[in-house]
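Reading through the structure tokens given below for one structure.
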Amino acid sequence: MAQADGAADIVFRNARLVDGTGGPSRLGDLALKDDRIAALGDLGDMRAAREIDLAGKVLCPGFIDVHTHDDRALLADPLMTCKVSQGVTTVVTGNCGVSLAPLDISTRPPAPMDLICEEPEGFFADFGDYLGALDRDPPATNALAQVGHASLRVGAMDRLDRAASGTEIKVMRGALEAALEAGAIGLSTGLFYPPASAAPTEEVIELAKALAGYRALHTTHMRDESDHVTESLEETFRIGREAKVPVVISHHKCAGLNNYGRSRETLALIETARGRQPVGLDVYPYVASSTTLDSVRGMQASRVLVAWSKPHPEAAGRDLADVAAEMGLSQTDAVEALLPAGGIFFSMDEEDVRRILSYPHSMIGSDGLPHDVHPHPRLWGTFPRVLGHYGREAGLFSLEEAVRKMTSLSAARFGLKDRGTLREGAYADLVVFDPDTVEDAATFDNPKQPAKGIEMVVVNGRPVWQDRQHTGARPGRTLRRQDLDAPRFEGVA
Ligand code: ZN
Ligand code: CU
């Protein structure tokens, strides 16, 4: 047992300590002082300003949401209740090619960039200014920020339906390097989406080459997650190999009826690739995806819900089929009438979702869309759903393994220092939850619901969630690339 100097701020007693490594839990106490874990074990003789008897409830590291679109939410709604109420203490922004910085524009950004911000004034020309804004008015969670490829393209190109020229690639690469200097942790792409779908693989490789010198990583919403998912995986691996950077496949899925069951094939390809290069992936625990409504083309969805519509706000939360029938339009024409709009697409096989969730190298990421009127329930439910629905009820994995996929695994991939495991000296990012009752409450009908069973959440030593409400505290920190270790991918020389 280790003793901190002087009294602790909080001692949690009789906790079921789940340390994040995947190893077996044990009963014990944990003390925190200032922003760190001061001691762990049997702390019977330690005094603290506040003592909390957990009576066997779980105490584990705070969850890391590796796939978010919280870029602007961190500034606009810094309490981040949708995330802290799930036990999330750190978020990674700038995914799917879309980031709030660096971009100087004067018109409404093209879809899907409007998912994070509709107003041109909301973007930041300078990446350091964006991070500085987070420092000045900190959110409740820690944040890491990536640069989006679509944001670079919109800033550097007069039209997006073509490959970038050599000069444009130089401009984008300069902007990317400046952002990395300022603290960006990597580059994301969304090659599926119109602002980047005309970009050839070589364009991405040229940009990704900038990452290697900065120990940064590349994440991707791949060009195709349905009929050509294996070709897209090969493209992703090639980008990683040629640019010599780690790659993370975002929200891995096999979308569309044609592709049900193909996660056997895709996970085998990922497993083989892992033997020769650093590859990671994240997944969310639902059979429906969500993005801009125009993506319905090629989505092979069995059912579509409207998440928001600018001209028809009353359509939010309703079935596209019903809205189209009422409008007397085909679904294709109804989509045109509803744009700009967001949708929720039921397009995945339950068995694929389970297989990907169970794969030991899958991290958990919500992909939540915080500005949607009627958001996909993943925004409020992802982490408790993995613990409750897929862990406790479906038995996909042990509690310890579920926690590992949300904590130490994610911390290693993103190079987070002193986060993601419970140990003396680590930052006190913590969650207390009841393993018997933890579950998501957010549903497709009623998506903005705090989860059940999350009893207390602590960020950098300060409680942000307790007694089923936000404490109002905003102790989150902006973590710059310079604050991180190199991304860690085991199994690669
Ligand atoms: Zn995406
Ligand atoms: Cu995303």
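Numbering of ligands and ligand atoms starts at 1, following listing order. Note: hydrogens, waters and symmetry copies are ignored here, and every other heavy atom, side chains too, is used.
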For this session: Inspect the contact between R480 and D135 and indicate whether a charged nitrogen and a carboxylate oxygen are less than 4.0 angstrom apart.
Result: yes
Exercise. Would you call the rings of H221 and F192 parallel, tilted or perpendicular if under 30° counts as parallel and over 60° as perpendicular?
Worked result: parallel
Exercise. Using a cut-off of 2.8 Å, how many protein N, O or S atoms lie below it in distance from the Zn ion (ligand 1)?
Worked result: 3
Problem set entry | H376 and H374 aromatic centres sub-6.0 Å | no
For this session: Could you tell me whether E202 and R238 make a salt bridge, using a distance below 4.0 angstrom between a side-chain N and a carboxylate O?
Result: yes
For this session: Report yes or no: do H69 and N95 form a side-chain donor-acceptor pair below 3.5 Å?
Result: no
Problem set entry | Under-2.8 Å protein N/O/S neighbours of the Cu ion (ligand 2), ordered by chain then residue number | H67 NE2, H69 NE2, C96 SG, D367 OD1
Exercise. Regarding R378 and the six-membered ring of Y284, is the cationic atom NZ or CZ under 6.0 Å from the ring centre and inside 45° of its axis?
Worked result: yes
Problem set entry | Salt-bridge present (E177, R173; N to O < 4.0 Å) | yes
Problem set entry | Under 3.5 Å side-chain donor-acceptor pair for H251 and E225 | yes
For this session: Verify the distance criterion only: is there a donor paired with an acceptor across the side chains of T443 and D445 at less than 3.5 Å?
Result: no
